[in-house]
Number of protein chains: 2
Amino acid sequence: MDNRQKILAKAEELFAAQGYNAVGVQELAQAADVTKPTLYHYYGSKLGLLQAVLEDGFLPLLQQTREAAQYQGDLPLTLYRLANAYFAFSKARPGFYRLQLSLWFSPPESEDFDAVRPWGHRQQEMLEALFQAAVRDHGNMKGRHRRYAATFLGMLNTLISLGLNNLLELNDELVFNAVHQFMHGIYS
Amino acid sequence: MDNRQKILAKAEELFAAQGYNAVGVQELAQAADVTKPTLYHYYGSKLGLLQAVLEDGFLPLLQQTREAAQYQGDLPLTLYRLANAYFAFSKARPGFYRLQLSLWFSPPESEDFDAVRPWGHRQQEMLEALFQAAVRDHGNMKGRHRRYAATFLGMLNTLISLGLNNLLELNDELVFNAVHQFMHGIYS
DNA sequence: TAATATGTATACCACTCGGTACATAAAAAG
DNA sequence: CTTTTTATGTACCGAGTGGTATACATATTA
């Protein structure tokens with residue numbers, strides 16, 4: 001593994017464990033067994049490193065969830081696949097998912113939040129497009145696709161953060177129940 | 001308003017807007033129109049100030065929600081009152097609620113998280129006691145009170161954070177729908 | 001009026017922060 | 001074999017960090 005990747009991996013690990021602001025560049029370079037100018041050579045700044053970490057995690061997440069979010073006439077099935085994709089990703093890369101969640105809830109005026117904002121929008125857009133497409137078959141959803149997208153992702157993140165803290169097992173039964181409960185909220 | 005309160009109010013405001021780590025003690029004292037030793041005179045340390053801010057917010061929150069969480073045989077009604085209490089509080093003190101949420105999602109090894117942890121537990125205990133009490137009338141809930149407490153609070157926080165960002169209006173209809181949906185998840 | 005807390009200000013501490021100027025090493029290209 | 005690009009190390013920067021020693025002012029109490 002070259003220095004570039006070593007830095008990226010350690011950054012994801014330390015940012016997830018201690019938070020972006022709490023980790024110093026010096027500490028980071030030391031943990032990656034590299035000197036500070038080397039780090040700056042590759043990533044330009046601490047914020048640049050954070051952005052690289054986010055891109056490294058969000059690109060595969062978005063790719064995998066986009067595939068699952070293709071609507072083909074069966075909304076519960078699509079949501080089921082989507083929830084599974086999210087759960088699988090959070091299990092495969094728990095550190096990144098933790099980091100991403102904590103950034104998402106960080107204060108709206110901070111530079112950390114600015115770094116996740118665009119990725120949050122891309123997720124939101126993907127989900128909105130899904131619920132928009134489903135309006136054809138579920139007329140009563142009309143005009144609510146934005147709200148559905150936000151609450152669905154919120155529900156998933158609630159469950160995932162419980163899963164990350166071992167308070168819940170993210171198994172098939174849970175996925176089924178969660179989607180069922182969410183669909184019930186749409187029908188009624 | 002005396003200096004003590006001025007410091008506390010500014011701290012809540014700045015911590016909520018920029019994050020605990022991103023705000024310096026110097027900056028804080030300046031914003032409260034006070035010198036640094038004055039701040040240390042009252043609160044001892046930056047962490048001590050954060051703890052005071054949390055106590056100042058969580059004590060009334062817990063008091064108001066505890067009253068709403070008294071189970072008297074009607075679970076949907078209790079959850080309805082509880083959700084209303086949470087929503088009302090988040091509207092009354094949006095800055096504090098934001099801060100509390102962001103701390104709750106900050107990395108588990110950070111000192112910020114240590115500061116909210118006990119308050120999170122007290123909320124969790126209150127909700128567990130409620131669902132525990134409701135087991136008498138809802139046998140199928142048995143053994144799941146921990147999960148119900150966590151997911152119910154998670155749902156409320158999802159909605160509240162959408163409300164704080166003006167993506168959702170936290171009105172009576174929403175409370176009704178949310179509780180209804182949650183109860184459906186219990187029955188089925 | 002004297003003694004005692006309480007509150008506030010000046011000036012400083014050692015340390016860490018993110019970031020960089022500059023020299024050198026290694027490798028690729030001519 | 002030289003030149004140029006890419007990569008890494010040494011040593012440093014000014015600014016800001018959380019925190020404090022100490023003196024001074026203002027009340028309260030004896």
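Residue numbers start from 1 in every chain, and the chains themselves are labelled A, B, ... in the order their sequence lines are given, proteins ahead of strands.
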Looking at [X], does any N or O in its side chain come under 4.0 Å of the phosphate oxygens OP1/OP2 on [N]?
X: A:Tyr40; N: D:dT8; value: no
X: A:Asn3; N: D:dA7; value: no
X: B:Tyr42; N: C:dT6; value: no
X: A:Thr38; N: D:dT8; value: no
X: B:His41; N: C:dG7; value: yes

In whole Å, what is the span from the [atom1] atom of [X] to the [atom2] atom of [N]?
X: B:Arg4; N: C:dG7; atom1: CZ; atom2: P; answer: 8 Å
X: B:Leu47; N: D:dT17; atom1: CG; atom2: C1'; answer: 15 Å
X: B:Glu111; N: D:dG18; atom1: CD; atom2: P; answer: 10 Å
X: A:Asn21; N: D:dG16; atom1: CG; atom2: C1'; answer: 14 Å
X: A:Asp2; N: C:dA26; atom1: CG; atom2: P; answer: 18 Å
X: A:Ile7; N: C:dG18; atom1: CD1; atom2: P; answer: 15 Å
X: B:Gln30; N: C:dA9; atom1: CD; atom2: P; answer: 13 Å
X: A:Asp33; N: D:dA7; atom1: CG; atom2: C1'; answer: 15 Å

Can A:Arg147 be said to sit on top of A:Phe131's aromatic six-ring, NZ or CZ under 6.0 Å from centre and within 45° of the ring axis? no
Check whether NZ of the Lys or CZ of the Arg B:Arg136 lies under 6.0 Å from the centre of the six-membered ring of B:Tyr71 and within 45 degrees of that ring's axis.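 No, cation not above the ring by the 6.0 Å, 45° rule.
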Hey, are B:Arg93 and B:Glu12 close enough for a salt bridge, meaning a charged N less than 4.0 Å from a carboxylate O? yes
Measuring from the side chain of B:Pro37 (C-beta onward, heavy atoms only), which nucleotide among C:dT10, C:dT20, C:dC17 has the closest atom? C:dT10
Counting C-beta onward and ignoring hydrogens, is there a side-chain heavy-atom pair between B:Tyr20 and A:Asn21 closer than 4.5 Å? no
Quick one: on DNA chain C, does A:Gly44 or A:Glu27 contact a more 5' nucleotide (nearest heavy atom)? A:Glu27
Terminal helix-axis angle for the helix from C:dT1-D:dA30 to C:dG30-D:dC1, with five pairs defining each axis and rounding to 10 degrees: 0°
Ignoring hydrogens and angles, does a donor from either the side chain of A:Lys36 or the base of D:dG9 sit under 3.5 Å from an acceptor on the other?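 Check fails, no donor-acceptor contact within cut-off.
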Please confirm whether any donor atom in the side chain of A:Lys46 sits under 3.5 Å from an acceptor in the base of C:dG19, or the reverse. no
B:Phe113/B:Phe105 aromatic ring centres below 6.0 Å: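 Not under 6.0 Å, so no.
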State whether the number of non-hydrogen atoms from other residues, nucleotides or ligands found under 6.0 Å of B:Arg146 atom CZ is greater than 12.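 Atom CZ in B:Arg146 is not packed in, count stays at 12 or less.
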When you measure from the side chain of B:Tyr97 to the backbone N and O of B:Asn157, does any donor-acceptor pair fall under 3.5 Å? no
